[in-house]
Amino acid sequence: MKITIHRGANQIGGTCIEIAANNGKKIMIDIGMPLAEDFIEPSQEFMPEIEYAGLEALLISHPHGDHYMLAGFLEKKIPIYIGRGAAAIIEAANSYTPNKVKLGDTIPIENKKPFTIADTFRITPFLTDHSAYDSYMFLIEADGKSVFYTGDFRCHGRKAKLVKAMMKDPPKNIDVMLMEGTNIYPLKSETTEIDDNMEMTEVSSQKSFVSEAALEKEFQNEFENTKGLAVVQSSCQNMDRLVTIYRAAKRAKRELVLPWQVGYIVMQIGNKNLPNFRNFKDVKKFTSTPERPHEIGLETIKKNPEKYVVFLTYPITRALLTGRLFNKDAVYIWSLWNGYKKQEKTAQVIAEIAATNTKIAKDIHASGHADRATIIEFVAQLNPKRLVPVHTAFPEAFKSLEWKKGFTGQVEVHADNEWFEV
Ligand SMILES: [Zn+2]
């Protein structure tokens, strides 16, 4: 078996990895768009150079654009393996985002249910903890060897126990682990050049991250200490965070007002435990037309703004600005990666909100990715023979991590598009 990282050997996002067996059969894992501060349209020019002969399948680890967004540009129709919920999110997002990705029929993968591709690769997916719903790690076995791909993961979200369980009872004899290192960067003493815009600098001296459960308390405090309306800027697709915001609102005795997009995604996922305005009494759908059951509009919110938490989209923000619901009694909470604040349109909107004397609260956010301590622990427990960093801006920094003695393997750095033997 051999591997090439088409993209992601030394950058965060845009992940695309190919694995070839000795018989010439190949699989691709993830096919994402590179991340950029400002929106760039997915296009053919970002496609890696792919030899289609022998390519039998695409596995998508999770529904984030930096892992699936280029799937529509594959020339050959190949089967796509992805979680059912993940596929539903991508399909639902097509209804409100400019970059539509038609996956077509996909083959659903399930936690710990192994399957075989082309009588060659045995794949075992492991459901994991990440800011994207329905995210997986993959164990790939062929030619008597095994490769483990971590995908994007963390151990401080609402599915942390899945990662902890894996560390307790890990897959054995891993030859190569492809490990994400979003939050791995040289310690300050080791480097002079860290890009200010990168996610890792916001946590530069932190060794472990706050959990979603801890964020819940922070949201609750902010909601309780606000006289008027509370609004939150978050991602429509981050289900962990949605649950956090809902639970905090409930504790603060406020109803949660959601945009239709969030309700639509939850409906498509089909998990009735996720907050939505169909079967949760204390969740409403924001409307700008006359209210129907489960809906709420500006006029009702205006009467008792202290009773609500509004989940923002751009049109809802505009409606609240026009309705003067942003004022000195209100609070605005940012619950996303802080790099997005630099996008021109976002920066303008925040300035507009601040000009109404609305309190701009301290960000309430936790990274979707494992912290340094988790990475070290994970590697010690799974103990791969060779560790190859991916999804990191600083692959070389892996070499000087404070590895625990459980890890007896080697860190190996490979460049994009370089084939290496397993
Ligand atoms: Zn990613």
| Could you walk me through whether His130 and His369 pass the side-chain hydrogen bond (donor to acceptor under 3.5 Å, both in side chains) check? | CA-CA 7 Å; His130 182 43; His369 303 273; 4.6 Å; no
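- Considering only residues two or more places apart in sequence or on other chains, Tyr246 meets the ring pair (Phe, Tyr, Trp, His ring centres under 6.0 Å) condition with Phe280.
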| task | Could you walk me through whether Arg241 and Ser335 pass side-chain hydrogen bond (donor to acceptor under 3.5 Å, both in side chains), step by step? | result | CA-CA 8 Å; Arg241 192 59 46 78; Ser335 187; 2.9 Å; yes
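- Atom OH of residue Tyr340 and atom CD of residue Gln233 lie 12.0 Å apart, to the nearest 0.5 angstrom.
- Applying the 6.0 Å contact sphere to CD of Glu49 captures no more than 12 heavy atoms from other residues, nucleotides or ligands.
- Salt-bridge formation is not detected for the pair Lys281/Glu255: no Lys NZ or Arg NE/NH1/NH2 atom is positioned less than 4.0 Å from an Asp or Glu carboxylate oxygen.
- Proximity of a side-chain donor or acceptor of Asn383 to a complementary backbone N or O of Thr408 within less than 3.5 Å is detected.
- The backbone N or O of Phe223 lies less than 3.5 Å from a partner atom in the side chain of Arg254, making a donor-acceptor pair.
- Looking at residues two or more places apart in sequence or on another chain, you find a salt bridge (Lys or Arg N to Asp or Glu O under 4.0 Å) between Glu216 and Arg158, Arg247, Arg251.
- For the residue pair Gln237 / Tyr133, no side-chain donor-acceptor distance below 3.5 Å is found, with atom types taken as modelled.
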| task | Assess whether side-chain hydrogen bond (donor to acceptor under 3.5 Å, both in side chains) is satisfied between Thr182 and His391, documenting all intermediate values. | result | CA-CA 6 Å; Thr182 312; His391 203 278; 2.9 Å; yes
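- Atoms OG1 and CG, on Thr392 and Asn183 in that order, are 9.0 Å from each other to the nearest 0.5 Å.
- Under 3.5 Å, the side chains of Glu212 and Thr244 contain a donor-acceptor pair of N or O atoms.
- Under the 3.5 Å distance criterion, the side-chain polar atoms of Ser146 are matched with a main-chain donor or acceptor of Asn173.
- Ring geometry for Phe407 against Trp403 counts as perpendicular: the plane angle is over 60°, on a 0 to 90° scale with 30° as the lower cut.
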| message | Working note: Glu56 + Lys26, criterion salt bridge (Lys or Arg N to Asp or Glu O under 4.0 Å); need CA distance, chi angles, decisive distance, verdict. | response | CA-CA 6 Å; Glu56 298 287 337; Lys26 299 187 294 185; over 6 Å; no
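- Arg386 contributes atom CZ, which lies 13.0 Å from atom CD1 of Ile174 (distance to the nearest 0.5 angstrom).
- The cationic group of Lys345 lies under 6.0 Å from the six-membered ring centre of Tyr314 and within 45° of the ring axis, placing it in a cation-pi geometry.
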| task | Verify salt bridge (Lys or Arg N to Asp or Glu O under 4.0 Å) between Asp240 and Arg154, making sure each step is shown before the conclusion. | result | CA-CA 12 Å; Asp240 264 21; Arg154 60 178 173 175; 2.8 Å; yes
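- Under 3.5 Å, the side chains of Asp134 and Tyr136 contain a donor-acceptor pair of N or O atoms.
- Closest approach of Phe115 to Pro125, counting heavy atoms only: CE2-CG, 3.8 Å.
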| task | I would like to know whether Glu224 and Lys253 meet salt bridge (Lys or Arg N to Asp or Glu O under 4.0 Å); could you show each step before the answer? | result | CA-CA 8 Å; Glu224 283 175 349; Lys253 302 191 170 50; over 6 Å; no
| field | Worked verdict on His67 versus Asp152 for side-chain hydrogen bond (donor to acceptor under 3.5 Å, both in side chains) | value | CA-CA 9 Å; His67 294 259; Asp152 288 2; 2.9 Å; yes
| salt bridge (Lys or Arg N to Asp or Glu O under 4.0 Å) assessment of Asp416 paired with Arg7 | CA-CA 5 Å; Asp416 280 350; Arg7 183 169 43 229; over 6 Å; no
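- Put simply, OG1 on Thr124 and CE on Met137 are 13.5 Å apart, with the number rounded to the nearest 0.5 Å.
- Remark: Lys341 engages Asp363 in a salt bridge, criterion side-chain N to carboxylate O under 4.0 Å.
- Remark: side-chain polar atoms of Arg372 are not paired, donor with acceptor, to backbone N or O of Glu402 under 3.5 angstrom.
- Summarising the geometry of Gly83 relative to Ile109, their closest heavy-atom pair is N-CG1, 3.4 Å, with the distance given to 0.1 Å.
- The only member of Asp30, Thr150, Thr128 that meets side-chain hydrogen bond (donor to acceptor under 3.5 Å, both in side chains) when paired with Ser61 is Asp30.
- Contact check on Glu421 versus Lys2 returns no salt bridge, with no Lys/Arg side-chain nitrogen under 4.0 Å from an Asp/Glu carboxylate oxygen.
- Atom CG of Leu387 sits about 9.0 Å away from atom CG of Leu178, to the nearest 0.5 Å.
- Listed for the Asp143 side chain is a donor-acceptor partner under 3.5 Å among the backbone atoms of Asn22.
- Taking Glu110 as the reference, Lys113 meet the salt bridge (Lys or Arg N to Asp or Glu O under 4.0 Å) condition, with sequence neighbours excluded.
- Scanning for salt bridge (Lys or Arg N to Asp or Glu O under 4.0 Å) contacts around Lys250 gives Asp282, with sequence neighbours left out.
- Between His6 and Trp419, the ring planes are perpendicular. Angles over 60° get that label, and only those under 30° would be called parallel.
- Every residue two or more places apart in sequence or in another chain that forms a salt bridge (Lys or Arg N to Asp or Glu O under 4.0 Å) with Arg318 is listed here: Glu352.
- For Thr120, the side-chain hydrogen bond (donor to acceptor under 3.5 Å, both in side chains) test picks out Asn23, with sequence neighbours left out.
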